[in-house]
Amino acid sequence: MELELYDVIVVGAGAMGMSAGYHAARAGRRTLLIDAYDPPHAQGTHHGETRIIRHAYGEGRAYTPMALRAQALWYELERETGRRLFLETGFLQAGEPGSRMLTEMQVSAKEHGLPVEVLDSSEMKLRWPGLALPESFVGCYEADSGVLLSEACVQAYRDAAVALGATMLPNTPVIAIHPDAEGAEVVTAAGTYRAKSLILTAGKFAGPMLAKLGLNEMPLSPLRKTVEWFKPLTEDYSPDRFPAFLFDLPEGIFFGFPDISGEGVKAGRHDGLVRPMPEDGVLLPHGTFEDDGRDCAAYVARYMPGVEPTIIKGSSCTYTMTPDEHFILDRHPDYPHIAIGAGFSGHGFKFASANGEILAKLAAGDDPGFDLSLFTLHRFNP
Ligand SMILES: Cc1cc2nc3c(=O)[nH]c(=O)nc-3n(C[C@H](O)[C@H](O)[C@H](O)COP(=O)(O)OP(=O)(O)OC[C@H]3O[C@@H](n4cnc5c(N)ncnc54)[C@H](O)[C@@H]3O)c2cc1C
C-alpha cells in the first residue's frame, strides 16, 4: 500500500518539536507532528507552568543571538494567537563578583548592546526588599527579560501549527524509524507514515531513539529534578515587583520566579542532587523521595525573608543533560534530511521558538541562520 507522503514528520512534539512543526508548516511544508502524549503534558520537560527567558547569556556567547531571536518569535506567537505567553518581570542573575556566569553575561551584553544593569548587594536589597543575598554579591539585571508560560507556549504552537494545516497525532508513541536516502518511514501502533525529512525532538527519550539510528554513543543523561512553590507573606514577590532569578550561592545554583497568579514563589535548584531516570523513563512524582524540595526550602528560609519556607506545591521534571551542557542541534551524519534537537540540559525552553525555526530549516536543507558549531553531534560521536 502506498503511504501518504509528508514533507516533514516531527517525532516528539514537546517544546522544541511543536515549535519546529509550526515553523515547517509556516514555510508551507506538509507537516505531521507525532507525540507519545497529548502536549502540553506533564511527562516531558515543559510542564510546571513557567520558564525563565534571559538574553545576555552567561553560558556561552553563541546563545545570545539565539535568545534574541527566540524572544522576537515568542512575541510573534503572542500576536498571532492573541494569547499572553511572556511576562516581562525582569531577570536578575547574582553571585560573587568575577563569577564566570556574571562575567560572561556582561561580555554578552556589551557585544550585543543589551541593557544589563550591574548592582551591588545594598542596591539589590533596596530594589527587592524580598531578597537577602550575601553582602559580597553582585547582580546583573535585565529589565526586558522574564517569564514564559511554558505549557501555554506549547499549546499556542500546537494550535497555530494546526491552523496552518499541520496534522497533530497525539497519544501515539513512535515505535521505529526506517531512514533511507529519500526520506524515512515512521512506525506507530496507529500506522506507518512517510516523509521526505524528519525532525527528531524526543526530549528525555532522545538517547535511545538516536541509538536506533546508528548514533550509539550519545551521552544524553535524563535526570529527575524537582521544583517547589512557597507562600509569600508580603506583596514584595508579585510579578510587577520581583524578577525571575538565578543565583550562584555557596549552597548551589538556585533559580526561581515571582508569585505568578497567586500560585506562590517557585524555586528550583539547577545543580546538586539529581536522580537518574529509571530505564522506562517514567517520571516519579514529587514527594517520592524524602528529600524532594529540601534544598529549596532551605534556600527560601535563608535568602527570601518574606516567604514561608513550607512547600505548598511541588513538581518533578526532567533535565536531559549532555556532558558539556550545550545542546545538540544538527543533521544526522548519514541522513542529512534528519534534523536532531536534543540534550537541552535544563536551559532549553527559552530557545524553543528559535530552535524550532532552526530545526525546520535543517530538515529542509536550508541554512539555519545561526552558527551551530557549539551544538554538533560529532563532538560526542566522532
Ligand atoms: C525543573 C525544570 C526547570 C527548567 N527551567 C528552565 C528555564 O527556566 N528556562 C529554560 O530555558 N529552560 C528550562 N528548563 C529546560 C527546558 O524545560 C527543556 O530544555 C525543554 O523543555 C526541552 O524540550 P524538549 O522538546 O527537548 O522536551 P519535551 O518538551 O519533553 O518534548 C519531548 C517530546 O517527545 C515526546 N516523545 C518522546 N519519545 C517519543 C516517542 N517514542 N514517540 C513519540 N513522542 C515521543 C514526548 O512525549 C515529549 O512530548 C527547565 C527544565 C526543568 C525540568
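Whatever order the structure lists ligands and atoms in, that order sets their numbers, starting from 1. As a basis for the values below, the full set of heavy atoms in this structure was taken, side chains included, without hydrogen atoms, waters or symmetry mates. In this chain, residues are counted from 1 in sequence order.
- Residue T45 touches ligand 1 through backbone and side chain together, judged by heavy-atom distances below 4.0 Å.
- In this structure the side chain of L220 never reaches within 4.5 angstrom of the side chain of P208, judged on heavy atoms.
- Residue-level proximity to ligand 1 for M209 is carried by the side chain, the only part with a heavy atom below 4.0 angstrom.
- Contact check for L362 versus D330: no side-chain heavy atoms found under the 4.5 Å cut-off.
- Heavy-atom separations between K225 and ligand 1 are all 4.0 Å or longer.
- Ligand-side atoms of ligand 1 in range of A36: 43 (C), 44 (N), 45 (C), range being under 4.0 angstrom from any heavy atom.
- Defined by atom type and a distance below 3.5 Å, a donor-acceptor pair is present between the side-chain atoms of T50 and K266.
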(request) Verify side-chain hydrogen bond (donor to acceptor under 3.5 Å, both in side chains) between H41 and E151, making sure each step is shown before the conclusion. (result) CA-CA 8 Å; H41 62 79; E151 284 139 294; over 6 Å; no
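- For atom 34 (O) of ligand 1, the nearest protein heavy atom (residue, atom name, distance) is G12 CA, 3.2 Å.
- Heavy-atom contacts of V227 reach the following atoms of ligand 1: 1 (C) (cutoff under 4.0 Å).
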(request) Check step by step if side-chain hydrogen bond (donor to acceptor under 3.5 Å, both in side chains) holds for E96 and S136. (result) CA-CA 6 Å; E96 290 295 344; S136 54; 3.1 Å; yes
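- Between S345 and ligand 1, no N or O atom pair is found at a separation short of 3.5 Å.
- The environment of NZ in K313 is crowded: more than 12 heavy-atom neighbours from other residues, nucleotides or ligands sit within 6.0 Å.
- Nearest protein heavy-atom neighbour of atom 31 (O) of ligand 1: G14 CA, 3.2 Å.
- Remark: minimum distance from atom 15 (C) of ligand 1 to any protein heavy atom is reached at G346 C, 3.5 Å.
- Cation-pi check for R54 over Y57 is met; the charged atom lies under 6.0 angstrom from the ring centroid and within 45 degrees of its normal.
- Under the rule for a salt bridge (Lys or Arg N to Asp or Glu O under 4.0 Å), D248 has no partner lying at least two apart in sequence or in another chain.
- Using a 4.0 Å cut-off to heavy atoms of G203, the atoms of ligand 1 that qualify are 26 (O), 27 (O), 32 (C).
- Among all protein heavy atoms, the one lying closest to atom 41 (N) of ligand 1 is V174 O, 3.3 Å.
- Against a heavy-atom cut-off of under 4.0 Å, C317 is close to the following atoms of ligand 1: 1 (C), 52 (C), 53 (C).
- With a 4.0 Å cut-off on non-hydrogen atoms, P39 does not touch ligand 1 at all.
- Put simply, the side chain of T318 does not reach to within 4.5 Å of the side chain of R224, judged on heavy atoms.
- A distance of 14.0 Å separates OG of S221 from OH of Y319, quoted to the nearest 0.5 Å.
- Tested against F327 for a ring pair (Phe, Tyr, Trp, His ring centres under 6.0 Å), the candidates F380, F370, F351 yield a single pass: F351.
- Listed by number with element, the atoms of ligand 1 under 4.0 Å from a non-hydrogen atom of Y37 are 47 (O).
- The protein atom (non-hydrogen) at minimum distance from atom 26 (O) of ligand 1 is F344 CD1, 3.4 Å.
- In terms of protein heavy atoms, atom 3 (C) of ligand 1 is closest to F255 CZ, 3.8 Å.
- When non-hydrogen atoms are compared, ligand 1 lies under 4.0 Å from the backbone of F349 as well as from its side chain.
- Taking a 4.0 Å cut-off on heavy atoms, K204 fails to register as neighbouring ligand 1.
- Proximity of F86 to Q71: side-chain heavy atoms (C-beta onward) are separated by under 4.5 Å at one or more points.
- Regarding atom 8 (O) of ligand 1, its nearest protein heavy-atom neighbour is I52 N, 2.8 Å.
- When only interatomic distances are considered, the shortest N/O to N/O separation between V11 and ligand 1 does not fall below 3.5 Å.
- Remark: the E228 side chain and the T226 side chain contain an N/O donor-acceptor pair separated by less than 3.5 Å.
- Considering both main-chain and side-chain atoms, P173 never comes within under 3.5 Å of ligand 1 through any nitrogen or oxygen pair.
- Listed by number with element, the atoms of ligand 1 under 4.0 angstrom from any heavy atom of G44 are 30 (O).
- Using a 4.0 Å cut-off to heavy atoms of T318, the atoms of ligand 1 that qualify are 53 (C).
- With hydrogens left out, the protein atom closest to atom 50 (C) of ligand 1 is R51 NE, 3.4 Å, a heavy atom.
- In this structure E80 satisfies the salt bridge (Lys or Arg N to Asp or Glu O under 4.0 Å) test with no other residue, sequence neighbours excluded.
- The shortest N or O to N or O distance between T172 and ligand 1 is not under 3.5 Å.
- Just one residue in the list R294, R269, R302 forms a salt bridge (charged side-chain N to carboxylate O under 4.0 Å, His left out) with E251, and that residue is R302.
- Against a heavy-atom cut-off of under 4.0 Å, D35 is close to the following atoms of ligand 1: 33 (C), 34 (O), 35 (C), 43 (C), 44 (N), 46 (C), 47 (O), 48 (C), 49 (O).
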